Amino acid sequence: MSLTTLMEHDTKSSEIMAPSFALVKRVIWETDDTYTLLIDPPAENGGGFPFAPGQFNMVYAYGVGEAAISISSDPAKPDQLAHTIHRVGTVTSALSRLKRGDMIGLRGPFGTSWPIDEVVGKDVCIAAGGIGLAPLRPVIYSLLRRREKYGRIVILYGARSPLDLLYRVELEQWSKARNTDVIVTVDRGDSSWKGHIGVVTGLFSYVKLDSPSTVAMVCGPEVMMKYTCEELQRRGLRSDQIFVSLERNMKCGVGLCGHCQFGPHFICKDGPVFRLPVVNQLLEKKEI
Amino acid sequence: MDKTYRLETEDLERLLQLLQGEGYETIGPTLGNGTIVYDKITTAKDLPKGWTDEEEPASYRISNNGGERMFGYTLAPQSWKRFLYPPLRELFSIRRNGKSFETLRTDSEEKKFAFIGVRPCELSAVLIQDKVFTAGEYRDDDYLSRRRNAFIVAVNCANAGANCFCLSMNTGPKAGEGFDIALTEVVNDGGHYFVAEAGTDKGATLLERTGGIAASERERGEAEEVVERTASQITKSLDTRGLQEILAENQESPHWDDVAKRCLTCGNCTMVCPTCFCAAVEDSTDLSGKTASRTRRWDSCFTLDFARVSGGNFRITPKSRYRQWLTHKLSSWVEQFGIFGCVGCGRCITWCPVGIDITAEVSAIKGERVKQEKGA
Amino acid sequence: MKPQDLTESLRKHPFLNNLSEDLLKTLTSCASNVVFDEGTYLFHEGEDAKIFYLLRSGRAVLEIAGGERGQIRIQTVGAGEVIGWSWLISPYRWHFDAFALEQVHAFAIDASCLITKCETDCRFGYEMLRRFSEVLERRLEATRLQLLDVYGSNLGERGENY
């Protein structure tokens with residue numbers, strides 16, 4: 001046999017397919033169907049869980065299965081992990097039944113991260129839709145922690161209704177940071193809602209982006225990202241100033257199972273965060 | 001290692017015994033389930049002497065021509081993939097004790113296979129899967145261990161099937177690299193013998209021990225004639241020039257709709273393909289709920305579940321799923337692994353229930369492109 | 001406010017971005033400044049649409065009377081944006097209510113004045129129509145996106161494995 005391709009190089013072991021177990025410290029219901037699990041990192045990690053903003057874990061519900069869930073906690077606090085999870089199917093429902101003191105399976109962190117170093121000295125526009133705010137929260141924490149290193153920060157966030165808004169208290173706190181705008185909109189409001197109603201792209205009317213020095217990070221449903229990226233470009237950003245986080249079916253998280261392919265890319269290892277020009281053409285086509 | 005040997009048919013028996021003596025499980029072609037299967041063989045008598053196969057789109061028939069050839073068939077329905085990359089494998093189990101869990105990793109079985117009769121295209125497929133499973137950021141330990149231990153006896157093709165297009169993919173009908181031993185079976189007026197070429201030191205040592213004698217120039221020439229004759233029988237072709245780009249640029253060709261009308265999305269092509277590597281990961285518990293396990297199972301990009309996510313499904317239409325498969329094989333695979341994901345074995349054509357022919361679909365897409373360019 | 005001042009502040013409104021001087025003057029002759037207090041209505045559904053508004057500050061929300069479903073709020077409109085195109089299209093009546101969520105400062109543009117100008121000066125008419133078409137297109141796009149309910153979990157059945 002030819003051993004040339006069988007050298008181990010720097011490859012990592014597929015032992016990673018087995019989860020480590022971690023303690024659920026708290027369950028916070030953000031909305032009717034979305035909850036945040038606060039988790040103590042697995043004991044074998046020595047109390048920490050280093051990750052970069054935008055990375056995800058494969059989160060395991062005992063005997064039921066795994067789902068790829070982005071990490072939504074502060075990277076500067078690796079002793080306290082958070083996952084914000086939308087309850088939609090069997091795995092996320094099983095996870096939703098966990099209580100304080102229960103154990104949860106974790107594998108990770110996997111994938112690429114938001115360009116946190118590239119944006120030093122620049123303006124940052126963060127546009128999130130729905131649960132898409134969760135993968136962006138670690139970026140927001142990081143930016144605000146070293147607020148002086150960045151220019152203006154604009155956070156645009158769209159949700160289905162006022163009751164579907166995530167991290168309401170924090171949104172309020174973030175808006176108080178220096179030179180930081182937080183603008184929230186909902187698709188459906190009622191008379192008790194005094195904020196914006198309309199799609200997230202509509203919020204760009206209320207902010208003036210200094211396009212040459214702005215980097216945008218976008219996460220949400222694919223349609224929302226598509227329109228948001230178009231709007232950003234209409235406002236003068238080049239596509240290489242825009243980053244998106246994509247979602248696909250993931251079974252292994254390490255580029256071996258083939259499920260998350262998006263053209264030549266494996267979303268789990270080449271993504272989930274991509275610079276827009278890398279995926280833009282594929283995003284324009286249907287069912288890639 | 002450039003030494004070639006002449007082996008008599010009896011020497012093949014000795015080769016099998018030597019391999020078994022070294023602890024190898026010898027796997028080779030044999031008759032089973034009414035067809036030719038790659039399975040455990042203990043003696044050269046297990047080989048399908050006299051049996052041949054005939055392939056057409058959506059058709060595979062075997063028959064015995066009463067001849068002497070041990071490797072007179074073209075291909076078995078299934079490739080060697082299942083030995084290096086088992087269709088179903090438990091990855092680990094987890095025992096639950098109250099609120100705590102104990103993970104019990106399922107150790108890889110220490111398998112030592114000797115594959116007898118690997119076709120050149122199939123050998124290329126193994127080398128492709130080597131890249132997939134061992135050359136990325138993460139490797140598949142189970143594959144690597146099986147692969148490292150494997151001993152490969154390739155057999156060059158003496159007979160081309162109607163669905164073969166290895167010439168186009170540059171993978172046959174003669175094995176180029178990756179084997180420990182490559183055999184060419186010669187049957188003519190002069191007799192029935194094998195010309196054996198060692199590809200590794202280990203292969204050379206074994207050939208020495210088998211008792212083979214150096215092949216004469218005439219014998220080497222006769223072996224060459226075998227593969228040349230086979231090459232001349234190959235009628236199917238696939239024009240790979242610029243193919244990666246052409247497919248990447250024609251994701252919206254109207255021809256995908258045409259093929260979608262015929263494709264049943266059954267996934268047969270992916271199951272028989274020697275390079276397809278996609279797998280599902282499944283979790284379950286025993287009835288008591290005390291033990292859970294995770295298994296990995298071959299999956300197919302043709303299933304409706306394949307691209308399903310919590311918010312919906314990225315590939316609902318059969319068209320998108322066929323396109324994913326074909327463009328992966330012949331376009332995005334190149335970007336991912338630096339090589340085509342197709343070796344030209346033609347199994348996907350043979351085992352497609354409606355006879356969809358990958359080479360014809362590629363020509364049609366190219367044709368549509370030409371038509372559109374002319375129209376524009 | 002003097003006409004010159006009005007022209008100057010109109011010039012700054014994004015809707016009139018890069019409008020040529022003469023056309024800007026034409027528009028100014030139909031414009032006036034208005035203020036709506038928080039909690040008041042700019043107009044009601046069914047009323048004659050004689051005016052449209054270019055918002056300068058504050059926010060208003062567009063509402064539709066949803067019968068048994070009460071008032072449905074469709075969209076908020078803020079500084080720099082436009083409210084109203086019913087003046088352009090027969091039967092020239094408002095199709096929704098506009099309610100001031102905050103105190104709203106706006107330019108009110110008199111529709112009958114504007115229509116006269118549009119019809120006598122085709123260049124002006126074209127410019128207005130072009131700008132309104134853009135607003136309409138954006139609103140339509142936004143409405144489609146809302147219609148998609150992209151954040152909804154109504155696809156849960158198909159994603160049941162997760």
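Per chain, numbering begins at 1; letters A, B, ... match sequence-line order. All values reported here derive from a predicted model rather than from experimental measurement.
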Q: Highest number of heavy-atom pairs under 4.5 Å with chain A: which of C278(B), G203(B), S331(B)?
A: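 Counting heavy-atom pairs under 4.5 Å, the top option is C278(B).
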Q: Please flag which part of Y85(B) lies under 4.5 Å from any non-hydrogen atom of chain A: side chain, backbone, both or neither.
A: neither
Q: Can you say whether A248(B) sits under 4.5 Å from chain A via the side chain, the backbone, both, or neither, judging by heavy atoms?
A: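 Just the backbone, heavy atoms under 4.5 Å.
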Q: May I ask you to say whether R315(B) pairs ionically with E287(A), meaning some side-chain N is under 4.0 Å from a carboxylate O?
A: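 Answer for the salt bridge query: no.
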Q: Using a 4.5 angstrom heavy-atom cutoff, name the option from T327(B), V334(B), V126(B), T317(B) with the most pairs to chain A.
A: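 The candidate making the most pairs under 4.5 Å is T317(B).
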Q: Would you call R100(A) and D102(A) a salt bridge, using N to O less than 4.0 angstrom?
A: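 Here R100(A) does not pair with D102(A) in a salt bridge, since their nearest N and O are not under 4.0 Å apart.
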Q: With a 4.5 angstrom heavy-atom cut-off, which part of R321(B) approaches chain A: side chain, backbone, both or neither?
A: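 Contact with chain A involves no heavy atom of R321(B) at all.
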Q: Answer yes if the ring centres of F151(B) and F115(B) are under 6.0 angstrom apart, and no otherwise.
A: no
Q: With a 4.5 angstrom heavy-atom cut-off, which part of I131(A) approaches chain B: side chain, backbone, both or neither?
A: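 Nothing of I131(A), per the 4.5 Å heavy-atom cut-off to chain B.
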Q: Looking at L91(B), I94(B), T285(B), which one has more heavy-atom pairs under 4.5 Å with chain A than the rest?
A: I94(B)
Q: Would you give me the side-chain donor-acceptor pairs under 3.5 Å for residues 18-27 of chain A, sequence neighbours excluded?
A:
unit_1: S20(A); atom_1: OG; unit_2: E44(A); atom_2: OE2; d: 3.0

Q: Is it the side chain or the backbone of D286(B) that comes within 4.5 Å of chain A heavy atoms, both, or neither?
A: neither
Q: Tell me, for F277(B) versus chain A, whether the close heavy atoms (under 4.5 Å) come from the side chain, the backbone, both or neither.
A: both
Q: Going by an N to O cut-off under 4.0 Å, is there a salt bridge joining R248(A) and E222(A)?
A: yes
Q: Measure from NZ or CZ of R147(B) to the centre of the six-membered ring of F133(B), then state whether that distance is under 6.0 Å and the direction lies within 45° of the axis.
A: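 Verdict for F133(B): no cation-pi partner in R147(B).
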Q: In terms of the angle between their ring planes, are F110(A) and Y138(B) parallel, tilted or perpendicular, with boundaries placed at 30° and 60°?
A: perpendicular
Q: Measure R294(B) against the heavy atoms of chain A and call it side chain, backbone, both or neither at under 4.5 Å.
A: side chain
Q: With sequence neighbours excluded, tell me which residues meet side chain to side chain contact (heavy atoms under 4.5 Å, CB included) with K111(B).
A: E25(B), E109(B), F113(B), R146(B)
Q: So which part of Q261(A) gets closer than 4.5 Å to some heavy atom of chain B, the side chain, the backbone, both or neither?
A: both
Q: Find the one option among S332(B), S100(B), A279(B) whose heavy-atom pairs under 4.5 Å with chain A are most numerous.
A: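 Going by pairs under 4.5 Å, I would pick A279(B).
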Q: Whether R107(A) and E66(A) form a salt bridge (side-chain N of Lys/Arg under 4.0 Å from carboxylate O of Asp/Glu) is what I want to check.
A: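 The answer is yes: the pair qualifies as a salt bridge.
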Q: Contact part of K285(A) toward chain B, heavy-atom cut-off under 4.5 Å: side chain, backbone, both or neither?
A: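 Contact with chain B: backbone and side chain both.
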